[in-house]
Amino acid sequence: MMENQTSEYDVIIVGAGLAGLAAAKAMHEEGKSYVVLEATDRSGGKVCSKVSEDSSRYFELGAQFVSEEMTEMVKLIKEAGMVLTRTEGTQDNRVISDKSKEPIYLDFHDITDTLGAISGEHFSSKPMDQVLEKHISQKRKRQILKSFIAAETTVNSRYINAEAIKNLISRVTTTTSGLDHQASGPLSNVVKHLESLNKDAIHYLEPVVKVKETKSGYTVKTKNKSKYHGKALIMAVPPTAAARITFSSALADHYRPYLDSYTDGAVIKMTFVYDKPFWRESAVKGKQKSIYGVVYSAHEGVNLMDSSIKGGENRLTLYIGGEKAIELADVPTEVKEFYARERLIEVLGEDAENYKDYEISEWQQSPYYGGGYGAIIHHHGLPDANEILREPYHTMVFASTELATDFPLFMEGAVLSGQYAAKRLIESMSESVTE
Ligand SMILES: Cc1cc2nc3c(=O)[nH]c(=O)nc-3n(C[C@H](O)[C@H](O)[C@H](O)COP(=O)(O)OP(=O)(O)OC[C@H]3O[C@@H](n4cnc5c(N)ncnc54)[C@H](O)[C@@H]3O)c2cc1C
C-alpha cells in the first residue's frame, strides 16, 4: 500500500492468532468489511506446526493438547478435517516428582485451597510465593506448588499477583479436566481453515505501532507506515504486545494501567522421539502405572509429559518455563539440549539419551506473542485487568486468551475471547448507530 493512503473498513482486527482469526470469522459471518493486520509473516500466533526435514513427522512448536470439553477447538479441529485422538500420557496415569519418583497428587485445588483459606486477608498486591511461604509450612509441598505454578503460567510465583492467580485458576477450573487429547494431524490445519474463511483480509508483515481514536473510529499505523481506518477496532494481541503500541492520549489514559498490569511469560518446549516408550510402567515406584508427567520441584517451572498420540510415535515433551527459560534464551541450542537431557536422565535413567529425533521451540522474549502460554498479571498489577480489557470502550475492544472467561491461557480461551469480542463489538456498533 502507498504511504499516506488510508484504507477504510468497518472493523480493523490487529493480530492473526486464534483470537484474531475467530473474531474475523464472526465479522465475516456478520457481513462486515474488515482487515486483519498481522505483525509476522504467518497466521496462528502461538499455534505453529513444523514438518521435520525428511517430512516423516511433524512437531507442534506451540500449542498441542486439548480436552474434550474445549468444544470450540474440537469443532475447529473437525472442520479442518481432523479428529480428536487420545494422548498416551493421560491423567489416569501418574504425575511423579523428580526427587522421590513417587506419584504426587496435585492440582490447581491445592492452590485455590491455600488462597481460599486466606480470603479475608488483603493479598491483592502480594506475590504468590509470599502467600505460599506464609500458608504452606511443608517446604517440599511449597517447592512442588511453586514449580507447578511456574510451569503452568510460565512465570515464577514471586512475580505473580496472588489475587490474579486466584481469578485465573477459577476461570480454568470451572470446566477443565485433563488435556488428554490432540488433533489427529497438525494444528496448522486449523489455522489454514480459519485463514481460508478470511481469504484476502489478512495483511502480513504489518506490525501495528500506533492507534489513534478519531471522530469516526480509529486510525491504525503500522511500522511500514501503512494507514488503516476502521469504525471499530479489535486488538487481538496479548496485553504485553499491546502495551508496546502507542495509543492516542484518551485511549492511553483509559487502557495504560490495565495493559501495564501484565508481564510476559517465558517458555522453551522440547520434544524427543524414541523407538521405545521405555518410561512407561517402570518409572513409578511400587505402582504399575505409566507416568503422565513429571514436576521438577528442584527446577522451578520445568515439567515433562508423555506427549505420544495413542498408537503413534513415542514422544516426551519437556517444558522449561519462567526464569530458567529466560536464563537459557541466549545460550547455544546445544546447551539447552544438554540441560533438557540432564533433566530426562535424572528421572527416567540413561535410556532417555537414546532419542532419534528432537525439536525445540522458544517463545521467550518475543515482542508479539506474550512470551509463554500467555501474559500474566504481575504482583503490582491490577487483578481485574482482564475484566476491563474484554469489554468494549467506545467501539474498541481487546481479545486474547488472557482475557477469556473460560480456559484462559489455552487455545480454547483464545477462540472464545475472539468470539466474545466480536459479539460485544457488533452490539456496541449497532447501539451507536441507533443512538
Ligand atoms: C510452547 C507453548 C505450548 C502451548 N501448549 C498449549 C496446549 O497444549 N494447549 C492449549 O490449549 N494451549 C497451549 N498453548 C497456549 C496457546 O497457544 C495460546 O493460548 C493461544 O494460541 C493464544 O492465542 P491468541 O490469539 O490469544 O494469541 P497469539 O497466538 O499470541 O496471537 C497474537 C497474534 O498477534 C500478533 N501481534 C502481536 N502484536 C502485534 C502488533 N503490534 N501488530 C500486529 N500483530 C501483532 C502476533 O504476531 C500473533 O500472531 C501453548 C503455548 C505455547 C507457547
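Basis for what follows: all heavy atoms, side chains included, without hydrogens, waters or symmetry-related copies. Bear in mind the structure is a predicted one, so any value in this text is a computation, not a measurement.
- Panel note: side chain Asn224, backbone Ser226; no donor-acceptor pair is recorded below 3.5 Å.
- With hydrogens and angles disregarded, a donor-acceptor distance shorter than 3.5 Å links the side chain of His378 to the backbone of Asp260.
- Heavy-atom minimum distance, Tyr34 versus Ala201: CE1-CB, 3.5 Å.
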Could you list the donor-acceptor pairs under 3.5 angstrom formed between side-chain atoms of residues 143-151 and any protein atom two or more places apart in sequence or on another chain?
| from | atom 1 | to | atom 2 | distance (Å) |
| --- | --- | --- | --- | --- |
| Lys146 | NZ | Glu133 | OE2 | 2.9 |
| Ser147 | OG | Tyr296 | O | 2.8 |
| Ser147 | OG | His299 | O | 3.4 |
| Ser147 | OG | Gly301 | N | 3.1 |

Donor-acceptor list for residues 25-33 side chains, cut-off 3.5 Å, not counting sequence neighbours:
| from | atom 1 | to | atom 2 | distance (Å) |
| --- | --- | --- | --- | --- |
| Lys25 | NZ | Glu29 | OE2 | 3.4 |
| Ser33 | OG | Asp10 | N | 2.9 |

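- Side chain of Trp363 to main chain of Leu61: a donor-acceptor pair is present (N/O by atom type, distance under 3.5 Å, no hydrogens or angles).
- Judged as a salt bridge (Lys or Arg N to Asp or Glu O under 4.0 Å), the pairs with a partner in residues 380-399 (not counting sequence neighbours) are, in order, Glu391-Arg424.
- For the atom pair Asp129 CG and Arg158 CZ, the distance stands at 6.5 Å (nearest 0.5 Å).
- Remark: Lys223 engages Pro207, Val209 in a side-chain contact (heavy atoms from CB on, under 4.5 Å) (not counting sequence neighbours).
- Between the Lys269 side chain and the Gly62 main chain, a donor and an acceptor come within less than 3.5 Å of each other.
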Open item on the list: Between Ser417 and Ser400, is the side chain to side chain donor-acceptor pair (under 3.5 Å) condition met? List the steps.
Closed with: CA-CA 6 Å; Ser417 158; Ser400 67; 5.3 Å; no

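- With hydrogens and angles disregarded, no donor-acceptor distance shorter than 3.5 Å links the side chain of Tyr368 to the backbone of Ala241.
- Atom-to-atom distance recorded for Met411:CE and Phe65:CZ is 9.5 Å, nearest 0.5 angstrom.
- Side chain of Thr246 to main chain of Lys210: no donor-acceptor pair is present (N/O by atom type, distance under 3.5 Å, no hydrogens or angles).
- Taking the six-membered ring where the residue is Trp, His254 and Tyr393 present parallel rings, their angle staying beneath 30° rather than reaching 60°.
- Residues Tyr339 and Leu328 meet the side-chain proximity criterion, which asks for heavy atoms closer than 4.5 Å.
- Applying side-chain contact (heavy atoms from CB on, under 4.5 Å) to Val66 and the options Leu76, Ile77, Leu187 leaves one that passes, Ile77.
- Heavy-atom neighbours of Tyr204 OH from other residues, nucleotides or ligands within 6.0 Å: above the threshold of 12.
- Between Glu213 atom CD and Thr219 atom OG1 the span is 10.0 Å, to the nearest 0.5 Å.
- From Leu205, atom CG reaches atom OG1 of Thr222 across 10.0 Å, with rounding to the nearest 0.5 Å.
- Remark: Lys199 NZ is loosely packed, at most 12 non-hydrogen atoms of other residues, nucleotides or ligands lying under 6.0 Å away.
- Residues Ala414 and Leu18 come closest through the heavy atom pair CB-CB, 3.9 Å.
- One distance of note links CD1 of Ile245 with NZ of Lys221; it measures 14.0 Å at 0.5 Å rounding.
- Checked for salt-bridge contact, Glu195 and Lys192 miss the test: no charged N lies under 4.0 Å from a carboxylate O.
- With contacts defined as side-chain heavy-atom distances shorter than 4.5 Å, the pair Val155/Met128 does not qualify.
- In this structure, the separation between CD on Glu72 and NZ on Lys75 is 4.0 Å, given to the nearest 0.5 Å.
- At least one donor-acceptor pair closer than 3.5 Å links the side chain of Asn314 to the backbone N or O of Asp275.
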Open item on the list: Between Thr87 and Gln182, does the side chain to side chain donor-acceptor pair (under 3.5 Å) criterion hold? Intermediate values first, please.
Closed with: CA-CA 6 Å; Thr87 300; Gln182 303 180 49; 3.1 Å; yes

Task: Worked verdict on Asp54 versus Ser56 for side chain to side chain donor-acceptor pair (under 3.5 Å) - done: CA-CA 5 Å; Asp54 64 0; Ser56 63; 2.7 Å; yes

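- Surrounding NZ of Lys336 are more than 12 heavy atoms belonging to other residues, nucleotides or ligands, all under 6.0 Å away.
- Among Ile377, Asn386, Leu389, the single residue meeting the side-chain contact (heavy atoms from CB on, under 4.5 Å) criterion with Tyr258 is Leu389.
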- [ ] Step by step, work out the side-chain contact (heavy atoms from CB on, under 4.5 Å) result for Leu409 and Glu402.
- [x] CA-CA 6 Å; Leu409 299 196; Glu402 292 83 354; 4.3 Å; yes

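- Under the 30°/60° scheme for interplanar angles, the aromatic rings of Tyr355 and Tyr358 are found to be tilted.
- Ion pair Arg343/Glu346 flagged as a salt bridge, since at least one NZ, NE, NH1 or NH2 atom sits closer than 4.0 Å to an Asp/Glu carboxylate oxygen.
- A cation-pi arrangement is absent between Arg341 and Phe272, since the terminal nitrogen or guanidinium carbon is not both under 6.0 Å from the aromatic centre and inside a 45° cone about the axis.
- The main-chain N or O of Lys166 is never found under 3.5 Å from a side-chain atom of Arg171 such that the two would form a donor-acceptor pair.
- Applying the side-chain contact (heavy atoms from CB on, under 4.5 Å) criterion to Thr71, with sequence neighbours excluded, gives Glu412.
- Annotation: side-chain contact (heavy atoms from CB on, under 4.5 Å) contacts of Ser55 (sequence neighbours excluded): Val51.
- Taking both residues in full, the closest heavy atoms of Ser261 and Leu382 are given as OG-N, 2.9 Å, listed atom of the first, atom of the second, then distance.
- Side chain of Asn189 to backbone of Ala80: no donor-acceptor contact under 3.5 angstrom is found.
- A donor-acceptor contact shorter than 3.5 Å links the side chain of Tyr218 to the backbone of Thr395.
- Across Gly265 and Thr154, no two heavy atoms sit closer than the pair CA-OG1, 3.4 Å.
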